[in-house]
Amino acid sequence: MEQKFDVVIIGGGIVGLATAYQLSKEFKNLSIAVIEKEKILGEHQTGHNSGVLHSGLYYTPGSKKAILCLEGKEEMVAFVKEHNIPHDICGKVIVATEEKELKNLEKIYQNGVANKVPGIEKIDAKRIKEIEPYCTGVAGIWVPSAGIINYKDVSNKLGELIEKANTKNKIFLGEKCENISEKNEISYITTNKKTIEAKVVIACAGLHCDRIAKKDHLNPGMKIVPFRGDYYELSEKGKKKVRNLIYPVPDPDFPFLGVHFTRMIDGSVECGPNAVFSFKREGYTRTAFNLRDTIESLTFRGTWILLKKHWRQALQEYRRAFSKKMFLKSLQKLIPDLTMEDIQPARAGVRAQALDSNGQMIADFKIEFKNKHVHVLNAPSPAATASLSIGRHIVAEIKRNNLLS
Ligand SMILES: Cc1cc2nc3c(=O)[nH]c(=O)nc-3n(C[C@H](O)[C@H](O)[C@H](O)COP(=O)(O)OP(=O)(O)OC[C@H]3O[C@@H](n4cnc5c(N)ncnc54)[C@H](O)[C@@H]3O)c2cc1C
């Protein structure tokens, strides 16, 4: 069976859906298909994240992450208000627990100022206690514009609106893109069920984006190296020790934010995620293993350079992943009163982190254009927060380059 659409989007995570939604708003007559290999939307990174609406203070001023996170958060909040999706702009604290972290804390604050993050404030130990009574630190930053949400709710709403915008639009669930080809300016996307014709293809395949790029004969110049993040959940007693969001000062060598406390929109409180090299791209347990994923990661030069440089931290993360005691110790830096009984193992997520062949983790969002094909090659955190802006950015580039003509 063959079908024709103006645009085919590969991947029904929040980035693919937000892009389809922005396209459907901009070009009302366009026919759009979203192809998702799972039976539900937002199954992978989108459905396994911390659910934080990031404020944009960590990212290098002028970077895509900084610009699209700030714009995207505003647009996301307006969107969820319009569609009555539960969320809470509860604010967060970033807490330095030792004097030696103060330099990095100051850097983050200055970044926030440069990025014009609204309302950020330097706070002292007393103010930290007023905001989070169980948290102990020497100094911190109060970030009033950060919030919480469930990105699966957002994804489902986007899916509904995409199909509503035009009766020709379709979301195909349980269809895996297996091949992409081009002939006479027409693209052919072959799935496990059919071949679809399109003028423009947008690949937002998250943990598989490098593989999809290769199927499209694009050398992505990077590889996805999966980093699992395990969470613990606070017990009823433990929950009383956290009001909203408490973050440590992150290690500037890594693109991850460090284990933190997050009140979820359903009322639970989670702590995590750690960042462990994963032997499976979509592996959500501590022992998950996939031979192809492992071989691909371990035959990539960049992985070895990264591991050589950071072997101590990698080993430490691996040990902590199997030791509740070590995990608790990290958390106790922020909340000294936390006990073993306060935390219980919970779910995990896997981050799609793009790594270049020199072992550098690509910090910024990476979106490549090849003729009439667009590939989102690095969309880690805060891409859920920024998704509507990422979508808007892709639509603007499609317009600027006349790809739909
Ligand atoms: C542990 C963790 C915590 C995070 N916390 C936050 C946070 O608090 N706030 C925030 O803003 N961001 C956070 N992020 C980042 C955020 O979740 C991601 O940036 C975002 O979800 C990326 O969306 P995506 O659509 O690119 O990827 P995904 O959600 O992974 O979607 C990609 C989709 O493509 C599909 N796909 C792949 N290959 C194919 C194929 N061949 N054919 C068809 N479909 C295919 C997959 O099944 C998947 O559904 C976190 C991420 C993780 C892992």
Side-chain angles (χ1 to χ4, degrees), residues 8-20 33-56 58 65 68-69 72-73 76 92 146-152 154-155 158 171-180 189-193 202-216 224 226-231 245 247 255-257 259-260 262 264-265 270 272-276 278 281-282 284 347-354 365-367 375-391:
V8 166
I9 295 181
I10 302 164
I14 200 161
V15 173
L17 292 165
T19 306
V34 177
I35 301 172
E36 168 52 53
K37 69 178 165 62
E38 304 296 343
K39 291 201 173 67
I40 54 169
L41 296 174
E43 172 68 357
H44 291 293
Q45 294 179 92
T46 301
H48 286 87
N49 64 26
S50 301
V52 174
L53 283 157
H54 284 296
S55 63
Y58 297 105
K65 264 192 184 173
L68 298 178
C69 180
K73 202 217 108 199
M76 183 61 77
K92 79 171 187 180
I148 52 171
I149 193 157
N150 182 337
Y151 287 109
K152 261 200 166 173
V154 179
S155 301
L158 286 168
I171 296 179
F172 296 106
L173 295 174
E175 280 201 42
K176 184 175 179 190
C177 165
E178 291 179 337
N179 196 32
I180 304 172
I189 299 94
T190 305
T191 73
N192 49 329
K193 295 192 181 156
I202 308 173
C204 307
L207 286 150
H208 297 284
C209 63
D210 52 344
R211 290 177 177 163
I212 294 287
K214 279 196 176 152
K215 283 187 200 297
D216 194 18
I224 288 298
F227 281 91
R228 199 189 66 248
D230 307 307
Y231 292 88
L245 308 174
Y247 281 65
F256 312 124
L257 299 180
V259 290
H260 48 266
T262 313
M264 307 300 281
I265 206 70
E270 289 189 339
N274 53 4
V276 192
S278 171
R281 290 195 184 198
E282 291 167 357
Y284 300 105
R347 64 195 180 101
V350 183
R351 306 168 182 88
Q353 176 58 50
F365 295 150
K366 184 173 163 75
I367 302 166
H375 288 266
V376 176
L377 293 173
N378 195 40
S381 186
T385 307
S387 51
L388 288 167
S389 273
I390 296 174

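For ligands, and for the atoms within them, numbers begin at 1 and follow the listed sequence.
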Report task. Check whether any N or O atom of I14, backbone or side chain, sits under 3.5 Å from an N or O atom of ligand 1, and answer yes or no. Result -> yes
Query raised in the report: Numbering the atoms of ligand 1 from 1, which are under 4.0 Å from a heavy atom of I212?
Result: 41 (N)
Query raised in the report: When only distance counts, is R351 in polar contact with ligand 1, meaning an N/O pair under 3.5 Å?
Result: no
Query raised in the report: Non-hydrogen atoms of Y231 versus ligand 1: any pair closer than 4.0 Å?
Result: yes
Requested in this report: Would you check if the side chain of N274 reaches a backbone N or O of V276 as a donor-acceptor pair within less than 3.5 Å?
Outcome: no
Query raised in the report: In ligand 1, which numbered atoms sit nearer than 4.0 Å to a non-hydrogen atom of S381?
Result: 6 (C), 10 (C), 12 (N), 13 (C), 14 (N), 15 (C), 19 (O)
Report task. Have a look at ligand 1 and work out which part of A348, if any, has a heavy atom under 4.0 Å from it: side chain, backbone, both or neither. Result -> neither
Query raised in the report: Looking at ligand 1, does G42 have a heavy atom less than 4.0 Å from it?
Result: no
Query - Under 3.5 Å: N/O of K37 near N/O of ligand 1 - result: yes
Query raised in the report: Should the proximity of A352 to ligand 1, defined as any heavy atom under 4.0 Å, be assigned to the side chain, the backbone, both, or neither?
Result: neither
Report summary line: In ligand 1, the atoms that come under 4.0 Å of a heavy atom of G51 are 8 (O)
Query raised in the report: Polar-atom distance check: C177 versus ligand 1, any N or O pair below 3.5 Å?
Result: yes
Query raised in the report: Just checking, R347 and Y231: is the charged tip under 6.0 Å from the six-membered ring centre and within 45° of the axis?
Result: yes
**Report entry** Residues, nucleotides or ligands: over 12 heavy atoms within 6.0 Å of K176 NZ
**Finding:** no
Report task. Would you mind running through ligand 1 and noting each atom that sits below 4.0 Å from a heavy atom of I35? Result -> 43 (C), 44 (N)
Report task. Start with the C-alpha distance between Y151 and L53, add both sets of side-chain angles, then the distance that settles side-chain contact (heavy atoms from CB on, under 4.5 Å), and finish with yes or no. Result -> CA-CA 9 Å; Y151 287 109; L53 283 157; 3.6 Å; yes
Query - CA sep, side-chain torsions, deciding dist, call: M76, T385, side-chain contact (heavy atoms from CB on, under 4.5 Å) - result: CA-CA 7 Å; M76 183 61 77; T385 307; 5.7 Å; no
**Report entry** Geometric class of the F227/F256 ring pair [parallel <30°, tilted 30-60°, perpendicular >60°]
**Finding:** tilted
Query raised in the report: Given D210, which of K215, R281, K366 fulfils the salt bridge (charged side-chain N to carboxylate O under 4.0 Å, His left out) condition?
Result: R281
Query raised in the report: Nearest to atom 5 (N) of ligand 1, what protein heavy atom do you find, and at what distance?
Result: S50 N, 3.2 Å
Query raised in the report: Is there any N or O on E43 that sits under 3.5 Å from an N or O of ligand 1?
Result: no
Query raised in the report: R228 near ligand 1, heavy-atom distance under 4.0 Å?
Result: no
Query raised in the report: At under 4.0 Å between heavy atoms, which part of E175 makes contact with ligand 1: side chain, backbone, both or neither?
Result: backbone
Report summary line: For H48, the atoms of ligand 1 under 4.0 Å from one of its heavy atoms are 1 (C), 2 (C)
Query raised in the report: Hey, looking at atom 38 (N) of ligand 1, which of H208, E38, E36 has the closest heavy atom?
Result: H208
Requested in this report: Please write down residue, atom name and distance for the protein heavy atom closest to atom 29 (O) of ligand 1.
Outcome: T46 OG1, 2.5 Å
Query raised in the report: Who's closest to atom 53 (C) of ligand 1 heavy-atom-wise, of L41, V52, V350, N49?
Result: V350
Query raised in the report: Is the shortest N/O to N/O distance between A379 and ligand 1 below 3.5 Å?
Result: yes
**Report entry** Nearest atoms (heavy-atom pairs only) where V15 meets T19
**Finding:** O-OG1, 2.7 Å
Query raised in the report: Going through the checks in order, is the side-chain contact (heavy atoms from CB on, under 4.5 Å) test met by E36 and L17?
Result: CA-CA 10 Å; E36 168 52 53; L17 292 165; over 6 Å; no
Query - K37/E43 salt bridge by N-O under 4.0 Å criterion - result: no
Report summary line: Under 4.0 Å from one or more heavy atoms of A383, ligand 1 contributes atoms 19 (O)
Query - ligand 1 N/O within reach of L207 N/O, cut-off under 3.5 Å - result: no
Requested in this report: Could you tell me how the ring of H54 sits relative to the ring of Y58: parallel (under 30°), tilted (30 to 60°) or perpendicular (over 60°)?
Outcome: perpendicular
Requested in this report: Return yes when G11 approaches ligand 1 closer than 4.0 angstrom through a heavy atom, no otherwise.
Outcome: yes
Report task. Please check if any side-chain donor atom of T262 sits under 3.5 Å from a side-chain acceptor atom of Y247, or the reverse. Result -> no
Query raised in the report: Checking side-chain contact (heavy atoms from CB on, under 4.5 Å) for the pair N49/S381: CA distance, chi angles, key distance, verdict?
Result: CA-CA 9 Å; N49 64 26; S381 186; over 6 Å; no
Query raised in the report: Is it the side chain, the backbone, both or neither of H54 that has a heavy atom closer than 4.0 Å to ligand 1?
Result: side chain
